[in-house]
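Some notes on the structure that comes next.
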Amino acid sequence: MKKIILVGAFISSQIFLFAQVKSIIGAGKEVDPFHYAIIKSQTFDKASVACANPIAANVGAVIMKQGGNAFDAAIAVNFALAVVYPAAGNIGGGGFLVARKSDGKSIALDYREMAPAKAFRDMYLDSNGKEQLNLSQFGHLSSGVPGTVAGLFAMHRYAKLPMKKLIQPAIDLAENGFAISEREANSLNSKSLRESFIKNSTAVPVFVKDIKWKAGDTLIQKDLAETLKRIRDNGQKGFYEGKTAELIVAEMQKGNGIISLNDLKNYQVKERNALSFIYKGNTIIGMPPSSSGGIIVCQLMKMMEKRYLDGFQTARTTQLMVEAERRAYADRAEYMGDPDFWKVPIKTLTSDAYLQQRMMDFDSTKATPSKNIKVGLIKESEQTTHISIIDQYGNMVSITTTLNNSYGSRTVVAGAGFIMNDEMDDFSVKPGVANMYGALGGEANAIQPGKRMLSAMSPTIVLDKNNKPFIVAGTPGGTTIPTSVFQTLINIMEFNMNATDAVNQPKFHHQWFPDEVQVEKTFSPDTRKKLEAMGYKIVEKGAIGRTEVIKILADGKRETAADKRGDDSVAGF
Ligand code: DON
């Protein structure tokens, strides 16, 4: 099965550039940044990638075809996304990798941003103690110290090919350009985004043009190409020290930011113990704190494990899942934060006894109201991005990475051409004040210098009952990330769906506060009515998540699906 959507991105004047890119990538016809197709699902024999952009997916597949493994592909795809998917692909943000090597070793890399040394608990409160969310969500002060480049170098320990080879496709794409899709053009044409870029950057970034973008336009990013070349030539220091670091700090100083040269030099990736648990004989491997994702997915799955699910998105199944979600998100707000600063009771929170007790007050006939402390608002069109990869050797890599908001802080580092994150908003800026996803938090996630802000990102891997590769999954979506991953796993493991259905079926979400069930427009009207009768407030939302799934079939083939909700695409062989 192969579902293809052609992108109207043909530009005759770019043939020369296209030929040049092709030859540098050495990829034959596979990577053509001016003529490409979005492939939504395909089953591959050996290796595959699903990610937010077809050019980047192709780069990953080509790297594996050339002998690279899933880690090589992950690095190349990440760098490529930093060019072709500026809304979330990044070098100015951070992320998490969960992987399972073909030798059976699990890996969890935490390259989440860190609060700068000058950060402090009340830095986003005015003199009356009122939160100033414009400062935590936009502009120079909203950025944490980026972790992505350090993360990619940490991943490289498990890769086979030289870093120079893995970064080159991104350099070519930035230097020679690529044809943007209609979705990207629409996104860049947003009036508020344009104004926000101009307001929050000290030089006008390449994303801002006098005339409107249209599908097929070439986006060239010369400054970004130079930054990537410094990384290619000087390694991690090409970002965290020297010219790039100086450009970041100069940008910060022009805009009241606080990231210093020392902050950049001191950034550290943390290798954590992957959080794994058994669900009906399958092993699920997820990300421990500083993401809440792994714990929440574990709690949700375990709260389901011993209960009867009578069908996909029936009122009974949905109510059960919603009540589990309500409880998991209440735990998140109270207990979770950066484990280097706050003792997170992971063992208890994920124990069978605790979770059984947590569902004791579950009433299958009506909604259990969340105690009304603070109602947060969930916004749409935030952006993060997920990459799922499996290679021909059996290595599985699941990465979620983000700038937080779509196009991050909207601060583009002058002369360096990349967008800084606005991840500081993922801290709890004040107890009881919701972040941009409506998430609440307290002491566990208060701002401290050097601390990582709590995430919901949930890169996930599943092994079957024989410990063989089964699923690679993950998604963007702020607080909806763990609940989307949860639904995807339930769809496959309980309702036996193929990867495409598991990804594309309607999604729903509850996060304790606001006390409402968010549903996509296509969610079953019948179930909706039944839930309303039980006392649930149902709120329609736009798209929930952009999930990328690889399901490894019994014959070893890789059924690979990219979410219909974006330009997401698969590639492989
Ligand atoms: O780390 C987190 O949980 C958020 N910063 C993720 C943001 C996100 O997923 C936005 N995407 N839609």
Side-chain angles (χ1 to χ4, degrees), residues 51-52 81 85-90 92-98 110-115 133 136-138 142-144 146-148 151 183 187 286-297 328-329 332-333 336-338 376-387 398-410 419-429 434-441 445 451-460 473-485 507 509 511 518 520 541-548 563 565-568:
C51 72
L81 283 173
Y85 188 46
N90 68 80
F96 301 100
L97 163 139
V98 169
D110 176 341
Y111 51 98
R112 181 73 160 165
E113 298 90 333
M114 291 166 71
L133 296 180
S136 68
Q137 296 179 0
F138 296 100
S142 68
S143 297
T148 295
R183 192 182 294 270
S187 173
M287 192 68 215
S290 59
S291 182
S292 61
I295 296 180
I296 294 180
V297 171
Y329 277 84
R332 173 191 145 114
M336 299 180 213
D338 179 350
L377 283 176
I378 300 260
K379 280 198 209 160
E380 288 167 23
S381 86
E382 306 89 3
Q383 282 304 341
T384 292
T385 194
H386 182 81
I387 307 164
S398 190
I399 289 178
T400 315
T401 179
T402 191
L403 290 165
N404 196 22
N405 203 355
S406 197
Y407 304 92
S409 61
R410 317 286 166 81
I419 304 173
M420 291 293 285
N421 67 83
D422 59 335
E423 218 74 64
M424 291 296 281
D425 190 60
D426 270 350
F427 278 118
S428 176
V429 303
N435 73 5
M436 70 169 83
Y437 307 101
L440 296 170
N445 191 31
K451 189 173 174 181
R452 290 163 203 249
M453 53 300 281
L454 184 63
S455 174
M457 293 192 278
S458 314
T460 302
T475 181
T479 41
T480 68
I481 293 173
T483 53
S484 291
V485 169
K507 298 230 156 53
H509 172 75
Q511 60 177 48
Q518 293 154 16
E520 287 187 313
K541 247 205 119 188
I544 299 186
R546 280 170 66 171
T547 310
E548 322 291 2
D563 203 307
R565 297 167 181 85
D567 284 343
D568 310 48

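It should be emphasised that the depicted structure is a prediction, and the values quoted were computed from it without experimental measurement. Whatever order the structure lists ligands and atoms in, that order sets their numbers, starting from 1.
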**Item:** Residues Tyr111 and Thr401: side-chain donor-acceptor under 3.5 angstrom
**Value:** no
**Request:** May I ask you to list the atoms of ligand 1 that are less than 4.0 angstrom from any heavy atom of Glu423?
**Result:** 5 (N)
**Message:** Under 4.0 Å, counting heavy atoms only: does Arg546 come that close to any atom of ligand 1?
**Reply:** no
**Message:** As an exercise, identify every atom of ligand 1 less than 4.0 angstrom from a heavy atom of Ala456.
**Reply:** 1 (O), 2 (C), 3 (O)
**Message:** Checking contacts here: is it the side chain or the backbone of Arg112 that comes within 4.0 Å of ligand 1, counting heavy atoms only? Could be both or neither.
**Reply:** side chain
**Close N or O approach (Leu454, ligand 1; < 3.5 Å)** = no
**Message:** How long is the straight-line distance from CG of Asn445 back to OG of Ser428, given to the nearest 0.5 Å?
**Reply:** 6.0 Å
**Prompt:** Do Asp568 and Tyr85 have side-chain N/O donor and acceptor atoms under 3.5 Å apart?
**Reply:** no
**Item:** Residue pair Thr402 / Glu423, side-chain heavy-atom distance below 4.5 Å
**Value:** yes
**Message:** Taking side-chain hydrogen bond (donor to acceptor under 3.5 Å, both in side chains) as the criterion, tell me which of Thr479, Asn404, Asp426 meets it with Tyr437.
**Reply:** Asn404
**Message:** Within ligand 1, which atoms have a heavy atom of Gln383 less than 4.0 Å away?
**Reply:** 10 (C), 11 (N), 12 (N)
**Shortest heavy-atom approach to atom 5 (N) of ligand 1 - which of Asn421, Asp426, Thr480** = Asp426
**Message:** So if I count the atoms of ligand 1 from 1 in the order they appear, which ones are less than 4.0 Å from some heavy atom of Ile481?
**Reply:** 9 (O)
**Asked** Does a salt bridge link Arg112 with Asp110, judged by any charged N lying under 4.0 Å from a carboxylate O?
**Response** no
**Request:** Could you tell me the separation between the NZ atom of Lys507 and the OG1 atom of Thr480, rounded to the nearest 0.5 Å?
**Result:** 9.0 Å
**Asked** Judging by distance only, is a nitrogen or oxygen of Thr402 under 3.5 angstrom from one on ligand 1?
**Response** no
**Prompt:** Can you find an N/O atom of Gly477 closer than 3.5 Å to an N/O atom of ligand 1?
**Reply:** yes
